[in-house]
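The structure under discussion appears below in the form of structure tokens.
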Amino acid sequence: MDNDLMSLSGLKTSIRTWRNPWKWVPVLDVDSFDFPNHEACVDFINKFLSFQSEFYLREFKLVTECVSIYEPCLVRVLKRKIQHFQVDNQFALQSMKIPLNQSVCENLVCLKLYSTRLTEFESLSLPCLKIMYLKDVKLPRNVVVEIDTPRLKYLTLIDYNFKRFFKIISMSDSVKVDIDIDVDRRDIAGYILSEINVIYNLLSNFTAVKVMTISRKTLQELVKDDLRRETKLSTVLSFCLVSSLESVEMESPITEKETEKKLVRYFLDNATSLKKLVLRLNLSQGEKHKWRNPWKWVPVLDVDSFDFPNHEACVDFINKFLSFQSEFYLREFKLVTECVSIYEPCLVRVLKRKIQHFQVDNQFALQSMKIPLNQSVCENLVCLKLYFTRLTEFESLSLPCLKIMYLKGVKLPRNVVVEIDTPRLEYLTLIDYNFKRFFKIISMSDSVKVDIDVDRRDLVDYILSEINLIYKLLSNFTAVKGMTISRKTLQLIYFFRNDINPLPKFRDLIRLRASMFLDTSMVLLPIVLESCPNLKHLTLVMTCFSLHFTSSYLTKLSTVLSFCLVSSLESVEMESPITEKETEKKLVRYFLDNATSLKKLVLRLNLSCGEKQEPDDHLKSLFDSPRRSSLCKFEVTVVQTAKV
């Protein structure tokens, strides 16, 4: 009996308090189609508002097709200091009145209106508004409405009977604008030129935006009269074509007049800074019987043999592609594969096309793929990237347009000193862990950046003259201003430092990034610095220990100071583990005590490796002491790379 009384008491309490949740519900989303009639929907909204105070409701959305019956509700809603307000009137023939005023707009963050009519006002300030979406919204008549939206980030304006101009005083710097407007010219007799000009006036609001979407109808309206006359693209080039345009993406049907082809050619022929052009041909529209035509002028072929059932299918695809094309359209070719000889005849055909960007990535490193480079092939190359390939026999090559050259595991012709002339070369990467063949670079651009990572695996059977090839290779770069040199290359120099020449003098080198083992750094660092007399910026990446020489190495740095230390070195960035022998501390002291022009030294201590770890608050105190350069700023940071 007691249990029954307790249950009945709980039920009564629930009945009394069921209304409470409505008092603090922050969102009201109403669709009139969910109610038996509009009166029931209006009654629900009014009761909801009656339960609440004025401070809880933050978001309101209404979808309906009946207009006037809801307008009193909207007045009540907008008095609640709403932040998100949306009305979607699906009865587009009659506009629903929205009573916007300054008091209502103070808190609005998002405003979305569909087929509505704003009450009379001349100006509005919406200081918090970030999103504004207006579709078929009628503005007050006979005035130029001014709207101030200093935080606006997204604006969408859709109106196919656009008649009223409004002026936007301010928007955020990152605002994105989407414009889809048109003028209803069905009443040709009543057509007024000033109404067409409102489109121009509207677009003038957005002269400072960085991102815009503009619809076909809007553009068609602006150039409607010109469309009757013009059949050719203008020969007067837009400024962006000859200065800034970097990428173009274009979707088009295939047409009998090949208009899409003319547009592509317009960009390819005139855009001087263009880096990427993507053409998406929609075969569901246009003349389907001409589906083969696009292959005739596709400028890029990027093939991965792993996307095909077998290598024969991949080769067949490449051959068919080349058969469709003439020799003048293909500009960029990339092949990724692990099978070698079957692709070599394809590459001969490709290289006859005056390719500008050529890349072959052979992932079967044990066998090299033959690349038939010759003078005719090289005339137009701008970018050359080769992985585990073998170049055919030649003694010299001129690549007058080449800007990027990336060679990894590339075998050069035997028994000759290959000469390569690359007067415009800006980026060179050379990776080879069994380096045997020397090549001489005659010329490069003044701003070229070089990344060298070469080594010899068969150190036991090495020939001294072959090891000297590394010195000769580096002699190509004595005039460069920026260089990266790997730990393996420097370790090889360390190993043979008593048998071969030291590093050549890099008199023009300003910026150097070098990796080395900590246990050999005491010997290598003075050698490196001595070879760079005018170095200004040095980045060092230290590794815990060497695989070959962990016991015999010097513990003191040379007391003979490199010229750059007492003249030019301005900044040093060093990443190092923490070691028991405090080698990293000795290196830091070496720079702080001797670099007279040093302005900044940054030490990044890697706690994920090393033999000794100090507390964070103790790290910098290890290095606090007077510095040779009074202007030097010293920073110590801690990094922890995840162990694999």
Side-chain angles (χ1 to χ4, degrees), residues 22 24-34 41 45 48-49 52-65 67 70-71 73-90 92 95-119 121 123-140 145-159 162 164 166-181 202 205-206 208-215:
W22 295 102
W24 39 273
V25 170
V27 179
L28 180 58
D29 187 339
V30 180
D31 189 331
S32 65
F33 298 96
D34 294 334
C41 182
I45 297 173
F48 178 92
L49 297 174
Q52 280 211 339
S53 69
E54 295 184 2
F55 305 106
Y56 289 112
L57 189 62
R58 292 290 177 265
E59 188 169 335
F60 177 82
K61 178 181 177 182
L62 171 64
V63 179
T64 187
E65 62 175 3
V67 177
Y70 289 93
E71 291 176 353
C73 293
L74 299 183
V75 174
R76 293 187 66 192
V77 168
L78 287 169
K79 288 181 178 179
R80 301 298 175 105
K81 306 295 185 181
I82 294 293
Q83 292 180 347
H84 299 258
F85 184 73
Q86 177 174 341
V87 174
D88 185 354
N89 171 26
Q90 299 192 355
S95 300
M96 181 181 294
K97 186 168 67 175
I98 305 295
L100 284 188
N101 56 49
Q102 192 55 56
S103 174
V104 167
C105 295
E106 285 179 358
N107 297 283
L108 277 176
V109 175
C110 175
L111 177 64
K112 295 183 179 182
L113 303 176
Y114 303 70
S115 301
T116 59
R117 175 168 53 89
L118 300 183
T119 53
F121 62 87
S123 64
L124 276 181
S125 175
L126 298 99
C128 302
L129 194 69
K130 294 183 178 181
I131 300 172
M132 182 160 60
Y133 185 104
L134 306 179
K135 181 176 180 180
D136 296 328
V137 174
K138 294 183 179 180
L139 298 172
V145 174
E146 292 187 348
I147 301 176
D148 188 16
T149 53
R151 296 187 182 181
L152 191 65
K153 292 185 176 181
Y154 301 95
L155 169 64
T156 300
L157 181 60
I158 303 173
D159 193 342
F162 191 68
R164 297 285 174 265
F166 65 94
K167 183 178 180 181
I168 301 179
I169 298 174
S170 66
M171 295 176 286
S172 77
D173 294 336
S174 59
V175 65
K176 296 181 180 180
V177 177
D178 188 346
I179 303 296
D180 183 9
I181 59 177
L202 172 71
N205 283 303
F206 313 122
V209 304
K210 296 178 181 178
V211 180
M212 182 186 293
T213 299
I214 191 164
S215 74

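None of these values were measured; they are calculated from a predicted model.
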Exercise. Under 4.5 Å between any side-chain heavy atoms of M132 and L126, yes or no?
Worked result: no
Exercise. From K112 NZ over to D88 CG, what is the distance, rounded to the nearest 0.5 angstrom?
Worked result: 10.5 Å
Problem set entry | side-chain contact (heavy atoms from CB on, under 4.5 Å) partners for S115, two or more places apart | N89, A92, D136
For this session: Applying side-chain contact (heavy atoms from CB on, under 4.5 Å), name anything that partners V77, two or more places apart in sequence or on another chain.
Result: L49, F60, I82, F85
For this session: Could you pull out all residues at least two apart from V27 that satisfy side-chain contact (heavy atoms from CB on, under 4.5 Å)?
Result: E59
Exercise. Looking only at heavy atoms, which two atoms of R80 and R58 are closest? And how far apart?
Worked result: O-NH1, 4.3 Å
Exercise. If you take all heavy atoms of E71 and K97, which pair is closest and at what distance?
Worked result: OE2-N, 3.0 Å
Exercise. Should C41 and V30 count as side-chain neighbours, where that means a heavy-atom distance under 4.5 Å?
Worked result: yes
Problem set entry | Which atom of M171 lies closest to which atom of V209, heavy atoms considered | CE-CG1, 4.1 Å
Exercise. Say you draw a straight line from CD1 of I169 to CD of E146; how long is it, rounded to the nearest 0.5 Å?
Worked result: 4.5 Å
Exercise. Among all residues two or more places apart in sequence or in another chain, which pass the ring-ring contact (aromatic ring centres under 6.0 Å, His included) test with Y133?
Worked result: Y114
Exercise. OG of S103 to NZ of K79: how many Å apart, nearest 0.5 Å?
Worked result: 9.5 Å
For this session: Answer yes or no: is there a side-chain heavy-atom contact under 4.5 Å between K167 and V145?
Result: no
Problem set entry | NE2-CG distance between H84 and L57, expressed to the nearest 0.5 angstrom | 11.0 Å
Exercise. Can you name the closest pair of heavy atoms from P127 and E106 and give their distance?
Worked result: CG-O, 3.7 Å
For this session: For L111 and L129, work out which heavy atoms get closest and say how close.
Result: N-CD1, 3.8 Å
For this session: Look at the side chain of S32 and the backbone N and O of V63, then say whether any donor-acceptor pair between them is shorter than 3.5 Å.
Result: yes
Exercise. Applying the side chain to side chain contact (heavy atoms under 4.5 Å, CB included) test to L118, which of N101, L100, L134 qualifies?
Worked result: L100
Exercise. If you measure from CG on D178 to NZ on K176, what distance do you get to the nearest 0.5 Å?
Worked result: 11.5 Å
Exercise. Quick one: does Q86's side chain get under 4.5 Å of C110's, heavy atoms only?
Worked result: no
Exercise. How far apart are the C-alpha atoms of V177 and N205, what are their side-chain angles, what is the distance that settles it, and do they pass the side chain to side chain contact (heavy atoms under 4.5 Å, CB included) test?
Worked result: CA-CA 10 Å; V177 177; N205 283 303; over 6 Å; no
Kindly list each side-chain donor-acceptor pair under 3.5 angstrom involving residues 151-158, sequence neighbours excluded, with atom names and distances?
none

Exercise. Counting heavy atoms not belonging to D173, are there more than 12 under 6.0 Å from its CG?
Worked result: no
Exercise. When rounded to the nearest 0.5 angstrom, what distance separates OH in Y70 from OG1 in T64?
Worked result: 3.5 Å
Exercise. So which heavy atom on S215 is nearest to which on I181, and how close?
Worked result: OG-N, 4.1 Å
Exercise. Who are the side-chain hydrogen bond (donor to acceptor under 3.5 Å, both in side chains) partners of D148, not counting sequence neighbours?
Worked result: S170
